[in-house]
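The next block holds one structure in the form of structure tokens; read it before the comments.
Atom set for the values below is all heavy atoms of this structure, side chains included, hydrogens, waters and symmetry mates excluded. Naming convention: chains lettered A, B, ... in sequence-line order (proteins, then strands); numbering from 1 in each chain.
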Protein chains: 2
Amino acid sequence: MLKAERQQYILNEVSVHSRIQLSDIADSLGVSIDTVRRDVKELDDNKKLKKVHGGAISLGYNTFPFNHSDIFNREKKSFIAQKAIPLIKENSVVLMSGGTTNLELARLLPPKLHVTVFTPSLPIALQLLAHPNAEVIFIGGKISKDAQLSVGASTVQELSQIRADICFLGTGYLDVNHGLTEFDYEVVQIKKAMIKSSRKNVLLCISDKLNSAQRFKTCDIDAIDCLITELDPEDQILKPFSNFDVLLK
Amino acid sequence: MLKAERQQYILNEVSVHSRIQLSDIADSLGVSIDTVRRDVKELDDNKKLKKVHGGAISLGYNTFPFNHSDIFNREKKSFIAQKAIPLIKENSVVLMSGGTTNLELARLLPPKLHVTVFTPSLPIALQLLAHPNAEVIFIGGKISKDAQLSVGASTVQELSQIRADICFLGTGYLDVNHGLTEFDYEVVQIKKAMIKSSRKNVLLCISDKLNSAQRFKTCDIDAIDCLITELDPEDQILKPFSNFDVLLK
DNA sequence: TTCCTATTTGCAGTTTTTTGCAGTTTTTAT
DNA sequence: ATAAAAACTGCAAAAAACTGCAAATAGGAA
């Protein structure tokens, strides 16, 4: 049996099963395990597979793309949350929508700060339980599995009873022409109600989501009092928004 | 099985479920717990996950707090939950309180079962989001940080509007003389309201909590239609309860 | 063909890694 | 405070990897 033939067989096995064991290959090919080991080492050197103790695994096998990109964006989101914190006054009433940027805000809330937080988002509520001085009030209702927050008429109804000092809106797309948009109709209804119930509306928005729009509209840019991104307020990307009556941070 | 493969499996489990338990992994992979511990330690060193006492959690946003009480006595609680599942009929309306036994029930709910679940408990709601056919309705209100569920007048008020087929009560102490008791007054108010709103009341109770009482009373034993423990219904410990009109399972 | 050389292959001995176990220490929940 | 669960430690057996070497093989060149 030719060496090239053997290596082709090994590559094929790896691609089919995502993994191989040296002993298996040695058995089925009828060669010594050392030979297989040497073949695998060579293939590893040529970046055709990944050699591991006892065998080899496919190169694409262990990729967790979401993990890395998420960690990457997390720094931006932390940064945004940090900028948002000074807007929260002692003993104020805060309204928070869902989204990971808001989650970061909930996580970074100064422990000494006394606040009352209303939220329809399960992850946000859970995160706030860890805060020693936050009074958490959950706006109940039918839970949307995608958005992990309360939606529906009763939620909107409950929100209408609230008068908050400040509202933090996460996860949304902002565009000069289309305003604030979402791809989930039910979430739009909730956000509309939140905006109506709050004296001041702050949008936490990672710059990737600027200048893009989705199907459903939450509000015009005018309805936003403050836009916080991870960028410098003077950044070119934010230029189009400076014409509106929006505080850029 | 290759070490690399095992670690891949662990990473995948963590990524899917946000958390893992060393013993679970050891069981399902058929290796010793020490091996899993070493794997997890290595993955932690490589910043692929975060090792915690008893298991590991995902690095990303972890809304599911890894609570050690849910690995405490988990086998018994799983067993109790298994016994409770047949009581839930297709298309029924279920009311669930908090507690780790109920959490186990939520986790083990058959995926094909269509149910509407009302709950004031954040962990339960979050767990149910993973269920494909459960409609989840959260009873909102002021959140108790200890019990991780909605308490207060508005929650009681909302509960009073519900008519559920069956109610599952977790975390409580049951005693022949004192009935069902709790150490949290606010939780008692919620449970009272839940019992009133349900046609049938089922108590999921680990035997350790039998024959003990706490400060505040939820109801008499009569109010319970069915008591489920991890014991055999004929067990001596359950004898005192058989005089009441309670189905023992 | 025959001889020569470079490569490949298998083998034996040694080193390293992996894994489960037992005993001890630490952590956790009640 | 106490008892149970989990973590840590060192150890030993087993598996795998590495090393050097010699035999086998292939491919030319004479």
- Item | Separation of C:dA29 P from B:F183 CZ (nearest whole Å) | 13 Å
- Round to a whole Å and report the spacing from NZ of B:K51 to P of C:dT26. 16 Å
- How long is the line joining CE of B:M1 and C1' of C:dT18, in whole Å? 15 Å
- Item | Length of the NZ-P vector between B:K41 and C:dT17, whole Å | 15 Å
Report each atom pair, protein N/O against N/O of nucleotides 9-16 of chain D, whose distance is under 3.5 angstrom.
unit_1	atom_1	unit_2	atom_2	d
D:dA16	O3'	A:G54	N	3.2

- Note on the structure: salt bridge (charged side-chain N to carboxylate O under 4.0 Å, His left out) pairs touching residues 24-34 of chain A, sequence neighbours excluded, are none
- Item | A:R6 CZ - C:dT7 C1' separation (whole Å) | 12 Å
- Please say whether more than 12 non-hydrogen atoms of neighbouring residues, nucleotides or ligands are located less than 6.0 Å from NZ in A:K48. no
- Item | Backbone of B:A193 reached by a side-chain donor or acceptor of B:S197 within 3.5 Å | yes
- Tell me: CG of B:L29 to P of C:dT19, nearest whole Å? 11 Å
- Query: How many angstroms lie between atom CG of B:N201 and atom CG of B:L180, to the nearest 0.5 angstrom?
  - Reply: 10.0 Å
- Are A:F138 and B:F138 close enough that their ring centers fall under 6.0 Å? yes
- To the nearest Å, give me how far apart CG (B:L2) and C1' (C:dT19) are. 14 Å
- For atom CG of B:D24 and atom P of D:dA5, their distance in whole Å: 15 Å
- Query: So, are B:K200 and B:D225 salt-bridged, with charged N and O less than 4.0 Å apart?
  - Reply: no
